[in-house]
Amino acid sequence: MKLSVCFIALCLLPIATAFSLFKICPILDCEESCRDGRVEVDGCETCTCVDICEEAGCGKGSDDYTCQVISTNGYRRTKNGEVMSVYRAKCNKVCPPDPVCDKKCYFGSELKDECPTCDCKDICKEKNVECPENFRCEVNGSHIVGIGYPITWETGCVQDVCKAGEPEVDNNGFRVRCNGHEENTCSEGFTCVLHSNGDGSCCPGDQN
Ligand SMILES: *[C@@H]1O[C@H](CO)[C@@H](O)[C@H](O)[C@H]1NC(C)=O
């Protein structure tokens, strides 16, 4: 008895598999097209659209997060051969209004519970940049991998020429360069001090 049940099960399994592989799905007549694909039931598409934000479950239904749909460079092919862009869901923490801070953070703020604080990010420290003696680390450029990704900051070591204070930075936090010859690029109250390689920094005061 036991043996025959086992035999039937083994026999039915390949038949069931074969049926699902060659299953013929009903032709759908859906009103809307689905940006992120259709929900499938038993291997057949339905008219219900996939909701990538629901799948991402940002904050599991609490108000702490919002879901943002972001385009990617990816493509997918639908069952009927259409090529569609691929989007992804990004969960964003809902933060209270940004704190009012004394100083501006050019390269981002430190986060606490995913929300910005008044402490500025120290990119050089984060990247563990070590500069030779009498050189300082500075952020000197940026690049972006893609929409929705954080900015990648580039750093370099520059001669530390200011006797006192920090070199002048522009509106984006990058060091103002000067060469001492052409029109003075330093703001009032700053003096151009040349580096040994021809670069120059605007140092506060007259530096003499
Ligand atoms: C930043 O500094 C690095 C290292 O000194 C250098 O290779 C790079 O060219 C600099 N980038 C810019 C934009 O000046």
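Just follow the structure's listing: the first ligand is 1, and inside any ligand the first atom is 1.
SG distance check for C137 and C131: not under 2.5 Å.
Residue contacts with ligand 1, taken as heavy atom pairs separated by less than 4.0 Å, involve R177 solely via side-chain atoms from C-beta onward.
Residues E82 and R76 are not paired through a salt bridge, judged by the lack of any N-O separation under 4.0 Å between the basic side chain and the carboxylate. The existence of a salt bridge linking D199 and R175 is confirmed by a sub-4.0 Å separation between a basic side-chain nitrogen and an acidic carboxylate oxygen.
Contact between R175 and ligand 1 is absent, with no heavy atom of the residue lying under 4.0 Å from the ligand. Between V158 and ligand 1 there is no heavy-atom distance shorter than 4.0 Å.
The nearest protein atom to atom 5 (O) of ligand 1, hydrogens excluded, is given as G156 CA, 3.8 Å; this is a heavy-atom distance. Protein heavy atom closest to atom 2 (O) of ligand 1, with residue, atom name and distance, is N140 ND2, 2.3 Å.
By the 30° and 60° cut-offs, the orientation of the rings of F107 relative to W153 is perpendicular.
Partner of C67 under the disulfide (SG to SG under 2.5 Å) criterion, out of C91, C53, C58: C53 alone.
Protein heavy atoms are absent from the space less than 4.0 angstrom from atom 9 (O) of ligand 1.
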